[in-house]
Engineer: 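Got a structure for you, questions after.
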Amino acid sequence: MFKKLLIANRGEIALRVIRACRDLGIETVAVYSDADARAPFVLAADEAVRIGPPPSSESYLKGELIIAAAKKSGAEAVHPGYGFLSERAWFARAVRDAGLVWVGPPAEAIEAMGSKTAARTLAIAHNVPVVPGTTEALHDAKEAGEIAAKFGYPVLLKAAAGGGGKGMRVVRDPKDIASSLDAARREAKNAFGDDAVYVEKYIEGPRHVEIQILADQHGNVMSLGERECSVQRRHQKMIEEAPSVAVTPELRRRMGDAAIAAARAAGYVNAGTCEFLLDKNLDFYFLEMNTRIQVEHPVTEFVSGIDLVQWQLRVAAGEKLPFPAHIEPRGWAIECRITSEDPANGFLPSTGRIAYLHVPAGPDVRWDSGIDTGSTVGLHYDPMLAKLIVRADTRELAIARMRRALLDLTIVGVESSREFHLRVMDDEDFQKGEIDIQWLERRLPQLVDAKPPRATLEVAAVAAALIADRDRGRRNGKPASTMPAESERLWAIESRREALRGG
Ligand code: MV4
């Protein structure tokens, strides 16, 4: 195992990697921009190197500066985290060429999965099911019309260089094919500098289910089961869980085998994720492979009992995976991404200083965060403040535990998505697991509008003050009032917290 590692990232994932290193006795080097000089991940690292001003383009995306910091500090390995340079093949190669260990997949595997059409071609060649469609870029609208007619409407035009839903157009009517092709091309050209577009059959109302894999340098590739990631808005995941209510052990096995085949086809090593669409008939289709550790990895850690970041480090150091090829999940895990966005205001990003932070705890409650009391939240980076992850024996208990943990969370100073997550936990569809990739956007108006009326708020404020007063024992020596009825208790806990906030 290496003695010292540099983390080419920031925020909660940098801290997550530092913790794994501590557990393994590896010294850590953080790199940071001026905006992060006092960030928790910088304080937690053994050493920290300033790499530039706040904009990512002048700091966390400066590969050469990061490699220079690694060499200078005597680090032997580099962990890329997610985002930033994590899926840039040139950076993986530059790290390797500098004589450092890259704690991620080989540059060649990143490249093989980088183009959507190349990944699709690779999948087809290895019997991994993909959505019916083509892999060749379309020449013109006439050809698009012919292919669409062959597969049947609706079809989806997709950018070959794709990702994040850019350069994508659903076409339901043959008369729209030419204008949709133009629009998809324009968007693809803008986003990726490549206007190649191809055709797929459009899958209506699927779930987004992904399989976590882990591969070592000795040819062992394993599946750690699925994550259900359908609760998303504008291609940003909000809530993830493991396992998925839709996946049986038999389906998990087949999806796991498909993910392992895709990983093998790409010569994959380290942690990776195969994304699938799972339709209403429970047919699944490979979409793409994410060649990095993902934000939502903790739900898999909770149900598999395997520390994914620790195993990223171990396989990068040459260790063999000691696990069976398939892991069956135990219990249920849910993650809420707590962001500094205001759901009541169209998810407008909020900035400021975290004046007060109270973090949930207790059995099987995990808080992966990049902030502390006193941290400032700006606009330079992603709005994710923290991830709240819980585990329990059943999905129902996990939802109840998440609800409790969210009530235990107080963030003062910036707006956050906490209240939004509480509303999802209380939602009937969510509780039944009746969700697909369009569910949240369909449900959002109801979730956001479910505001208590002004009068209710005023009554609650008065009641909360009385409860707080009772708890402070200031009732002139009179006995404290009785506890509220069972049905009112959660409301009372919330009111009490609000009332006691700031003394
Ligand atoms: C699809 C699809 C339906 N049918 N492909 C969106 C981003 C890109 N990774 C693939 N995406 C989709 N591909 C076919 N043939 C629906 C989506 C899609 C989606 C997929 C995963 C998670 C969220 C999504 C939101 C909208 C559309």
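Remember, it's a predicted structure, so these values are computed and weren't measured experimentally. Each ligand, and each atom within it, is numbered from 1 in the order the structure gives.
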Engineer: Which residue in the set Leu447, Asp429, Ile399, Ile334 passes side chain to side chain contact (heavy atoms under 4.5 Å, CB included) when paired with Val424?
Structural biologist: Leu447
Engineer: Does Gly219 offer a backbone N or O that forms a donor-acceptor pair with the side chain of Arg264 under 3.5 Å?
Structural biologist: yes
Engineer: Can you classify the ring geometry of Trp439 versus Phe430 as parallel (below 30°), tilted (30 to 60°) or perpendicular (above 60°)?
Structural biologist: tilted
Engineer: Once side-chain contact (heavy atoms from CB on, under 4.5 Å) is applied, do any residues pair with Pro343, and if so which ones, sequence neighbours excluded?
Structural biologist: Phe347, Ser417, Phe420
Engineer: Keeping the roles fixed (side chain from Arg185, backbone from Gly167), state whether a donor-acceptor pair exists under 3.5 Å.
Structural biologist: no
Engineer: Could you tell me if the ring centre of Trp332 sits under 6.0 Å from that of Phe302?
Structural biologist: no
Engineer: Any idea which residues sit under 4.0 Å from ligand 1, heavy-atom distances?
Structural biologist: Val131, Leu156, Lys158, Gly165, Met168, Glu200, Lys201, Tyr202, Ile203, His208, Gln232, His235, Leu277, Leu287, Glu288, Ile437
